[in-house]
Protein chains: 2
Amino acid sequence: MRLSSMADYAVVAMVAAARQCPTVGADGDARARANAGQLALETGLPAPTVQKLVSRLVAAGLLTSARGAGGGLALARDAHDISLADIVEAVEGPIALTPCVEGISHDCAPGLGCSVRPHWPVVNEALRLALSGVPLTRLMTPHDDVDMVQ
Amino acid sequence: MRLSSMADYAVVAMVAAARQCPTVGADGDARARANAGQLALETGLPAPTVQKLVSRLVAAGLLTSARGAGGGLALARDAHDISLADIVEAVEGPIALTPCVEGISHDCAPGLGCSVRPHWPVVNEALRLALSGVPLTRLMTPHDDVDMVQ
DNA sequence: TAAAATAAGACCGAATCAATCCGATTTAAA
DNA sequence: TTTAAATCGGATTGATTCGGTCTTATTTTA
């Protein structure tokens, strides 16, 4: 039920990246690029861990990377269009509480014919919806009372 | 993000227990008690694993146990009043995606002042609500189309 | 009184996960 | 042309948790 540490760190790293690169240039060439070392310094996470995280985030299309000297990272799209679900899925894969997904048998209860399996997608979708409702912009604020009213 | 195997098995075991003891006697003394061995046989799970599961379920107040010869297990309350959230909490403890709960520092991002921490309770509550909405009675049905309309 | 059946707790092996390190590739600047 | 800087990918090590098995204690019936 717990989020993996990698996914937890990824959220923190994305928040830091969004702070360092608040606005991406409209021409696609972000001016204020942040490198992995700066993100590690700001978040307090180990540098190798941040490097591995940004690799997955880039592969998932949440960050854009520019190699070489002067390179760095930038948000692929606006911070308001990146949600917790995107970050979690980028690091952990599809959001599912159980391995009882379509295509895999996983006969956990042969006698019951796995009667609980048809009900997991409902829970998974509800969870995904909850994560999708939290954009990155809301996480950037140090403390707000918006959550209380929701 | 994945549920632990123990919690997954606990759901299956509770479904099997609800099937073997559909109605609990109003006098509190259930007539049709199921023992751990029968549950293991019906679910296909290892018997020692089922024993460990029922121990936690009894401790959590979801099952009642009667020791000695002729003893066994019975649902503590009606199957309609037992939800997925109850079972998961009985096995895994409080439902929380991150260890960022009140009382524990866990300074994942000292530089940011853990700006993401105030937002986790919102997600946790949404997840708990989704699990609470699935009663045990719905899981007992082999296959129904109720989930589709919801 | 004795035997049988049960739950409850303790122990151990194994697997997954997190973290780290190293080398390869690419680009800009001197 | 050369040097420096920064990302990308894989492989390795260590530890924590998880899953499974076993033994012990308690209770009821014959």
Side-chain angles (χ1 to χ4, degrees), chain A residues 1-13 17 20-21 29-41 43-74 76 88 90-93 98-99 106 108, chain B residues 1-10 12-13 17 20-21 29-31 33-41 43-74 76 88 90-93 98-99 106 108:
Chain A
M1 184 54 79
R2 292 286 154 79
L3 216 61
S4 71
S5 298
M6 280 298 183
D8 192 358
Y9 296 161
V11 175
V12 178
Q20 290 204 359
C21 328
D29 185 60
R31 196 159 22 256
R33 286 194 178 274
N35 55 35
Q38 289 175 337
L39 291 181
L41 208 65
T43 57
L45 300 173
T49 301
V50 176
Q51 280 194 356
K52 172 167 286 191
L53 281 176
V54 298
S55 298
R56 300 191 193 180
L57 293 171
V58 168
L62 298 182
L63 292 178
T64 59
S65 65
R67 303 176 64 163
L73 304 162
V88 171
V91 176
E92 292 193 350
T98 63
H106 182 257
C108 47
Chain B
M1 184 54 79
R2 292 286 155 79
L3 217 61
S4 71
S5 298
M6 281 298 183
D8 192 358
Y9 296 161
V12 178
Q20 291 204 359
C21 328
D29 185 60
R31 194 157 26 257
R33 287 194 179 274
N35 53 36
Q38 289 175 337
L39 291 182
L41 209 64
T43 57
L45 300 174
T49 299
V50 176
Q51 280 194 355
K52 171 170 288 193
L53 281 176
V54 298
S55 297
R56 301 192 192 180
L57 293 171
V58 169
L62 298 181
L63 291 178
T64 60
S65 65
R67 303 176 62 163
L73 303 162
V88 171
V91 176
E92 292 193 349
T98 63
H106 183 258
C108 47

Exercise for the section: Could you pull out the closest heavy-atom pair between R56(A) and A90(A), with the gap in Å? Expected result: CB-O, 4.1 Å

Exercise for the section: Output yes when at least one side-chain N/O atom of S55(B) is less than 4.0 Å from OP1 or OP2 of dG9(C), else no. Expected result: no

Exercise for the section: Starting at the 5' end of nucleotides 19-30 of chain C, put B wherever the base has a protein heavy atom under 4.0 Å, S where only the sugar-phosphate does, and a dash everywhere else. Expected result: BB----BBBS--

Practice task
Provide, to the nearest angstrom, the distance between the CG atom belonging to L57(B) and the P atom belonging to dA7(C).
Solution key: 12 Å

Practice task
For E92(A) and dC17(C), give me the distance from atom CD to atom C1', rounded to whole Å.
Solution key: 11 Å

Fill in the blank from the handout: When rounded to whole Å, the CZ to P distance for the pair R2(B) and dA18(C) reads 13 Å

Problem - Whole angstrom value for the distance that separates C1' of dA18(C) from CG of L45(A) - result: 13 Å

Practice task
Mind calculating the distance between CG (L63(A)) and C1' (dA6(D)) to the nearest angstrom?
Solution key: 15 Å

Exercise for the section: Could you tell me the separation between the CD atom of Q38(B) and the C1' atom of dA7(C), rounded to a whole number of Å? Expected result: 15 Å

Completion exercise
Here the pair of heavy atoms bringing A40(A) nearest to A47(A) is CB-CA, 3.7 Å

Handout entry: Minimum heavy-atom distance L39(B)-T43(B), with the two atoms named
Key = O-OG1, 2.7 Å

Handout entry: Steps toward side chain to side chain contact (heavy atoms under 4.5 Å, CB included) verdict (V58(B), L73(B))
Key = CA-CA 9 Å; V58(B) 169; L73(B) 303 162; 4.1 Å; yes

Exercise for the section: Please report the C-alpha distance between K52(B) and M6(B) in whole Å, then the side-chain angles of each, then the deciding distance to 0.1 Å, and finally whether the side chain to side chain contact (heavy atoms under 4.5 Å, CB included) criterion is met. Expected result: CA-CA 9 Å; K52(B) 171 170 288 193; M6(B) 281 298 183; 4.0 Å; yes

Completion exercise
In whole angstroms, the gap separating P of dT6(C) from CG of L41(B) amounts to 13 Å

Fill in the blank from the handout: The side chain to side chain contact (heavy atoms under 4.5 Å, CB included) partners of A7(A) (sequence neighbours excluded) come to L3(A), S4(A), V91(A), E92(A)

Practice task
Starting at atom CZ of R56(B), determine the distance to atom P of dA10(C), rounded to an integer number of angstrom.
Solution key: 13 Å

